[in-house]
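Side-chain atoms are counted along with the backbone in the values below, which use heavy atoms only and exclude waters and symmetry mates. The sequence lines fix the lettering, A, B, ..., with proteins before strands; numbering per chain opens at 1.
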Amino acid sequence: KAGVTQTPRYLIKTRGQQVTLSCSPISGHRSVSWYQQTPGQGLQFLFEYFSETQRNKGNFPGRFSGRQFSNSRSEMNVSTLELGDSALYLCASRTGDGDYGYTFGSGTRLTVV
Amino acid sequence: AQSVAQPEDQVNVAEGNPLTVKCTYSVSGNPYLFWYVQYPNRGLQFLLKYITGDNLVKGSYGFEAEFNKSQTSFHLKKPSALVSDSALYFCAVRDTNSGYALNFGKGTSLLVTP
């Protein structure tokens, strides 16, 4: 079966712009989580969506937001981009409560210049 | 807070030798522990998890991990390393204060030399 698909794979944006990243989970998975990976901070949890509702949020500023659609696809938006937002953004999906089988996508590499 | 620590930034091992990548955890309650591997410019690939049950967990690609409650450790092991095992390895714990969020260690770079 198809894995978790993240688009685009690479993005270059200018400071101050906004960006939207997309994640399509494995078919049947209702939970989508987002993580930011940087050399300095490592892997950090951004937020999790389940059945179109945000269930948990990590310690990130309000510039980072997301949403989930009825087909479980999720988008993540970052507004007013800063240089420090340059990172690999990873999406993970799982079926739902009680499922600990997190499957990650290949990520979107965002570079802010 | 639930956390894991990976004390080694890099582990070097010769091909064919056993390998160990260390992870210790700090949690309240029962830990939910995971190992992931990351190849360059790729996402994370699941290797194995410990939720409950046997302390020795067998995973993908010949990897296994031993859950040790007294030492609060969850070390990743493989009896015979391959050059293709060279990658970045992450230990993670479920953060029960944040639903199903994972808290990751900083990662250990494994280099297997021919």
Value rounded to 0.5 Å, distance of CZ in B:Phe90 from CD in A:Gln37: 4.5 Å

Is there a path of hydrophobic side-chain contacts, each under 4.5 Å between heavy atoms of I, L, V, M, F, W or Y residues, that connects B:Val27 with B:Tyr32? no

So which heavy atom on B:Gln38 is nearest to which on A:Leu90, and how close? NE2-CD1, 4.5 Å

Measure centre to centre between the rings of B:Tyr36 and A:Phe104, then say whether the value is under 6.0 Å. yes

Does a sphere of radius 6.0 Å around NZ in B:Lys22 hold more than 12 heavy atoms from other residues, nucleotides or ligands, not counting ones at 6.0 Å or beyond? no

Proximity breakdown for B:Gln45 and chain A, heavy-atom pairs closer than 4.5 Å: neither

Which atoms of A:Tyr35 approach chain B - backbone, side chain, both or neither, heavy atom under 4.5 Å: side chain

Should B:Phe104 and B:Tyr25 be regarded as members of a common hydrophobic cluster, given that ILVMFWY residues are connected when their side-chain heavy atoms come within less than 4.5 Å of each other, either directly or indirectly? no

Looking only at heavy atoms, which of residues 48-61 of chain B get nearer than 4.5 Å to chain A? B:Lys49, B:Ile51

How long is the gap from CG on A:Leu43 to CG on B:Leu102, to the nearest 0.5 Å? 9.5 Å

With a 6.0 Å cut-off (strictly less than), is the heavy-atom count around CZ of A:Arg73, excluding the residue itself, greater than 12? yes

Group every Ile, Leu, Val, Met, Phe, Trp and Tyr by side-chain heavy-atom contacts under 4.5 Å, then state whether B:Val37 and A:Leu88 land in the same group. no

Check: B:Tyr100 main-chain N/O paired with A:Tyr102 side-chain donor or acceptor under 3.5 Å: yes

Answer yes or no: are there more than 12 heavy-atom neighbours, outside A:Asn59 itself, under 6.0 Å from its atom CG? no

Please indicate whether A:Arg63 has more than 12 foreign heavy atoms, meaning atoms of other residues, nucleotides or ligands, lying under 6.0 Å from its CZ. yes

Is it possible for you to say whether A:Tyr89 and A:Val19 belong to one hydrophobic cluster, with membership spreading through side-chain heavy-atom contacts below 4.5 Å? yes

Same cluster for A:Leu21 and A:Leu83 if Ile/Leu/Val/Met/Phe/Trp/Tyr side chains link at under 4.5 Å? yes

Relative to chain B, which segment of A:Gln44 carries a heavy atom at a distance below 4.5 Å: side chain, backbone, both, or neither? neither

